Amino acid sequence: MPPLIVAFAAPAALDIAGVAAGLPPLEWVAKPLLAPVLAVHLWRLTGTRHVPVLVGLGFAAAGDVALMLPGRVAFVVGIAFFLGAQLCWTAAFLRAGALRYLRPRHRLCAVHLAVWVAAVAALAPALGPVLGTVVAVYASALVTMALTARVLGRRAAWGGLVFLGSDLLVGLGAAGTEFPGRAVLVMVTYTVALVLIATAFSTAEARQADGAPFSVTVHPYGEQPW
């Protein structure tokens with residue numbers, strides 16, 4: 001396992017412990033390091049070949065800081081930063097051939113659209129018109145990222161799905177729905193999603209070095225990533 005991924009585990013565990021124990025100072029020490037450590041890992045392996053992914057991780061780091069601040073304004077600013085992250089990652093997946101991959105998969109696209117509609121319909125009434133609109137816009141970008149992530153295979157696909165689940169838990173909290181362990185589950189799923197998305201690109205680079213093209217390959221049973 002790459003050393004920087006091992007190094008990522010330390011702030012991730014510290015942050016989750018801080019959330020579980022209700023110790024904000026631990027979160028402030030650890031959470032801002034999560035996305036930057038993964039960015040350094042990806043940059044060391046691939047250089048500047050995946051700039052949108054690196055920029056997206058930068059947006060994620062800024063969003064992490066904003067979401068630790070109290071108040072609705074900070075929450076909206078955090079969403080805006082994560083919107084930037086989702087758009088950057090979507091751009092990277094599109095560059096990898098996501099449109100070609102998704103063009104024949106109408107049912108898959110319809111399912112993701114249904115998820116977006118259901119999530120917005122469930123959360124918007126409790127959030128109010130302004131925040132509900134903000135969340136609806138962000139959710140559309142998040143669902144699009146999760147959908148396009150499938151072009152890079154299972155690792156990226158799971159990263160997108162886990163990110164969806166994590167942010168749904170965040171939305172439930174913003175809408176006033178609480179249950180034991182929700183905050184901890186948010187951080188566990190978020191850290192897992194970050195790792196899966198970032199390492200999906202470094203894994204893709206490794207496969208490319210072995211001779212596999214960085215694109216969608218057509219197989220007898222339909223298009224499959226790689």
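Just so we're clear, the structure is a prediction, and the values are computed from it rather than from any experiment.
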Work out which heavy atom in Phe93 is nearest to a heavy atom in Ala156; give both atom names and the distance. CE2-CB, 4.1 Å
With rounding to the nearest 0.5 angstrom, report the CG to OH distance, Leu152 to Tyr101. 10.0 Å
Apply ring pair (Phe, Tyr, Trp, His ring centres under 6.0 Å) to residues Phe163 and Trp89 and explain how you reach the verdict. CA-CA 12 Å; Phe163 217 120; Trp89 295 332; 5.7 Å; yes
Closest approach of Val151 to Ala96 (non-hydrogen atoms, all atoms of both residues): CG2-O, 3.7 Å
Linked, directly or transitively: Leu67 and Val184 (ILVMFWY side chains, under 4.5 Å): yes
Any residue meeting side chain to side chain contact (heavy atoms under 4.5 Å, CB included) with Pro52, in chain and number order, not counting sequence neighbours: Ala92, Arg95
Side chain proximity check, Leu42 to Phe201, heavy atoms < 4.5 angstrom: yes
What are the two closest non-hydrogen atoms of Gly159 and Ala193, and how far apart are they? O-CB, 3.6 Å
Selection residues 182-191 - residue pairs positive for salt bridge (Lys or Arg N to Asp or Glu O under 4.0 Å), sequence neighbours left out: Glu178-Arg182
Residue pairs involving residues 114-143 (criterion ring-ring contact (aromatic ring centres under 6.0 Å, His included); sequence neighbours excluded): none
With side chains defined as the heavy atoms from C-beta onward, is the minimum distance between Leu172 and Leu123 less than 4.5 Å? yes
Say you draw a straight line from CG of Leu26 to CD1 of Ile16; how long is it, rounded to the nearest 0.5 Å? 12.0 Å
Residues Thr191, Phe8; criterion side chain to side chain contact (heavy atoms under 4.5 Å, CB included); working and verdict: CA-CA 9 Å; Thr191 53; Phe8 175 84; 4.1 Å; yes
Going from OG1 on Thr189 to CG on Leu196, what distance comes out if it is rounded to the nearest 0.5 angstrom? 11.0 Å
Give, for atom CZ of Arg150 and atom NE2 of His112, the distance between the pair rounded to the nearest 0.5 Å. 4.5 Å
Check whether any side-chain heavy atom of Arg72 lies under 4.5 Å from a side-chain heavy atom of Leu131, and answer yes or no. yes
Under a single-linkage definition using a 4.5 Å side-chain heavy-atom cutoff for Ile, Leu, Val, Met, Phe, Trp and Tyr, are Leu113 and Leu102 assigned to the same hydrophobic cluster? yes
Rounded at 0.5 Å granularity, tell me how far NZ in Lys31 sits from CG in Leu33. 12.5 Å
Please tell me whether Ile79 and Val65 are part of a single hydrophobic cluster in this structure, the criterion being side-chain heavy atoms less than 4.5 Å apart. no
Using a 4.5 Å cut-off on heavy atoms from C-beta on, say whether the side chain of Ser202 contacts that of Arg44. no
Do Met145 and Leu168 share a hydrophobic cluster, counting only Ile, Leu, Val, Met, Phe, Trp and Tyr and linking them when any side-chain heavy atoms are less than 4.5 Å apart? yes
Are any of the side-chain heavy atoms of Leu169 and Ser166 separated by less than 4.5 Å? no
Flag side-chain contact, heavy atom, 4.5 Å: Leu34 against Met187: yes
Let's go through Leu147 and Cys109 carefully: what are the C-alpha distance in whole Å and the side-chain angles of both, what is the deciding distance for side chain to side chain contact (heavy atoms under 4.5 Å, CB included) to 0.1 Å, and is it a yes or a no? CA-CA 7 Å; Leu147 181 61; Cys109 296; 3.9 Å; yes
Donor-acceptor under 3.5 Å (Thr177 side chain, Gly173 main chain): no
What heavy-atom pair brings Pro32 and Ala61 nearest, and what distance separates the two atoms? O-CB, 4.4 Å
What closest approach, in Å, do Ala66 and Ala74 show between heavy atoms, and which atom pair accounts for it? O-CB, 3.5 Å
Are Val40 and Val51 connected in a single hydrophobic cluster, I mean Ile/Leu/Val/Met/Phe/Trp/Tyr linked by side-chain heavy atoms less than 4.5 Å apart? no
Nearest heavy-atom pair of Leu54 and Ala39: which atoms, and what distance? CD2-O, 3.4 Å
Asp64 and Tyr190: side chain donor to acceptor below 3.5 Å: yes
Kindly compute the distance separating CG (Leu194) from CG (Leu38), expressed to the nearest 0.5 Å. 6.0 Å
